[in-house]
Amino acid sequence: MRQGSERRPSEARSRLLGTATRIFYTEGIHSVGIDRIVAEAQVTRATLYRHFPGKEDLVLAYLSEADRAMRAQVDDAVARDLPPADTIRALGESIAQGIQSPGFRGCAFLNAVAEYSDPDHPVHQTVIAHRQWFLDTVTELLARIQETPAELAARHFVMLRDGAMAAGCLFDPELICETFLRGVDGLLETYAAPGRRGPAPT
């Protein structure tokens with residue numbers, strides 16, 4: 001009996017977060033009220049406030065789940081134990097698969113920050129922290145290819161990814177992903193070129 005009562009709150013929390021994630025991602029954050037989330041999750045307001053003291057807490061939990069999913073994508077690419085350039089390609093392919101998945105509506109973080117422009121707001125700061133982690137991670141992965149500064153190339157990768165995420169929900173996602181992956185290949189060829197070609201002739 002006690003075990004069942006302990007399990008019930010986490011199930012309710014999962015329903016709340018799953019419902020909020022679906023609606024926030026597909027329809028936006030500000031346009032969605034607490035009453036709708038409570039109704040669709042089939043919980044009471046008291047249950048919601050027991051797990052999330054306010055809507056902002058629910059939004060931050062939603063972004064935390066999106067962050068966890070992105071980190072899992074990176075971990076999966078790294079776990080394949082591929083050559084460094086192929087790890088970047090694998091990450092790019094994983095991003096492309098997401099863009100081509102049913103219900104894709106762009107980057108959850110870029111969508112959220114468009115609604116929270118105040119740089120001091122916790123949601124805005126959460127988005128910035130996630131993007132800094134992603135930039136640092138891509139920089140580290142690129143640095144494994146050769147010992148040259150990698151941050152500029154990493155910023156290029158992030159911009160390619162952002163462009164593909166934005167265009168992928170507006171135009172033909174297959175064509176957008178093909179363009180994105182070609183861009184990743186071109187970036188890798190340019191970044192690795194000095195190491196392959198050796199010293200320039202004098």
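Sequential numbering from 1 along the given sequence is applied to the chain's residues.
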Practice problem: Start with the C-alpha distance between Arg161 and Val184, add both sets of side-chain angles, then the distance that settles side chain to side chain contact (heavy atoms under 4.5 Å, CB included), and finish with yes or no. | Solution: CA-CA 9 Å; Arg161 178 258 185 199; Val184 172; over 6 Å; no
Practice problem: Kindly compute the distance separating CZ (Phe180) from CG (Leu160), expressed to the nearest 0.5 Å. | Solution: 6.5 Å
Quiz item: Should Phe157 and Leu141 count as side-chain neighbours, where that means a heavy-atom distance under 4.5 Å?
Solution: no
Quiz item: Are Thr19 and Glu40 linked by a side-chain donor-acceptor pair shorter than 3.5 Å?
Solution: no
Quiz item: So, do Met70 and Thr137 sit near enough that their side-chain heavy atoms are less than 4.5 Å apart?
Solution: no
Self-check item: Side-chain touch Arg155/Leu135, heavy atoms, less than 4.5 angstrom
Solution: yes
Quiz prompt | Ring geometry between His130 and Trp133 (parallel below 30°, tilted from 30 to 60°, perpendicular above 60°) | solution = tilted
Exercise. Give the C-alpha distance, both sets of side-chain angles, the deciding distance and a yes or no for side chain to side chain contact (heavy atoms under 4.5 Å, CB included) between Asp35 and Arg45.
Key: CA-CA 8 Å; Asp35 287 341; Arg45 268 181 166 267; 2.6 Å; yes
Quiz item: So, does Tyr25 use its side chain to make a donor-acceptor pair with the main chain of Gly106 at under 3.5 Å?
Solution: yes
Practice problem: Would you indicate whether the side-chain heavy atoms of Asp57 and His51 approach each other to under 4.5 Å? | Solution: no
Quiz item: Say you draw a straight line from OG1 of Thr126 to CG of Leu60; how long is it, rounded to the nearest 0.5 Å?
Solution: 4.5 Å
Quiz item: Any chance CZ of Phe104 has more than 12 other-residue heavy atoms, nucleotides or ligands included, within less than 6.0 Å?
Solution: yes
Quiz prompt | Leu82-Leu181 co-clustered via ILVMFWY side chain contacts under 4.5 Å | solution = no
Quiz item: Any donor and acceptor pair, going by atom type alone, linking the side chain of Ser101 with main-chain N or O of Gly98 inside 3.5 Å?
Solution: yes
Quiz item: Between Arg131 and Asp162, does a side chain to side chain contact (heavy atoms under 4.5 Å, CB included) hold up when you go through it step by step?
Solution: CA-CA 11 Å; Arg131 290 181 63 80; Asp162 288 349; 2.6 Å; yes
Exercise. Enter the distance from Leu142:CG to Ile88:CD1 here, rounded to the nearest 0.5 Å.
Key: 4.0 Å
Quiz item: Just checking, is any N or O donor in the side chain of Glu115 or Asn111 under 3.5 Å from an acceptor N or O on the other one?
Solution: no
Quiz prompt | Backbone N/O of Gln73 and side chain of Asp76: donor-acceptor pair under 3.5 Å | solution = no
Quiz item: Are Tyr116 and Ile29 close enough that some pair of their side-chain heavy atoms sits under 4.5 Å apart?
Solution: yes
Quiz item: Is Arg105 reaching over with its side chain to a backbone N or O of Thr26, donor-acceptor style, under 3.5 angstrom?
Solution: no
Quiz item: Can you check whether Thr148's main-chain N or O pairs, donor with acceptor, with Tyr191's side chain at less than 3.5 Å?
Solution: yes
Quiz item: Taking a hydrophobic cluster as the set of Ile, Leu, Val, Met, Phe, Trp and Tyr residues connected by side-chain heavy atoms closer than 4.5 Å, whether directly or through intermediates, do Leu152 and Val158 fall within one such cluster?
Solution: no
Quiz item: Tell me, do Leu63 and Phe24 make a side-chain contact under 4.5 Å, heavy atoms counted?
Solution: no
Self-check item: Note: Asp67-Arg71 ion pair, threshold 4.0 Å (strictly below)
Solution: yes
Quiz prompt | Salt bridge flag under 4.0 Å for residues Arg182 and Asp185 | solution = no
Quiz item: CD of Gln42: more than 12 outside heavy atoms within 6.0 angstrom?
Solution: no
Quiz prompt | Leu187-Phe134 co-clustered via ILVMFWY side chain contacts under 4.5 Å | solution = yes
Quiz item: Ignoring hydrogens and geometry, is there a side-chain-to-backbone donor-acceptor pair from Glu56 to Val123 under 3.5 Å?
Solution: no
Practice problem: Tell me, with the steps shown, if Val43 and Arg50 meet side chain to side chain contact (heavy atoms under 4.5 Å, CB included). | Solution: CA-CA 11 Å; Val43 300; Arg50 185 163 64 247; over 6 Å; no
Practice problem: Would you mind checking if Arg89 and Glu93 are paired as a salt bridge, meaning a charged N to carboxylate O distance below 4.0 Å? | Solution: no
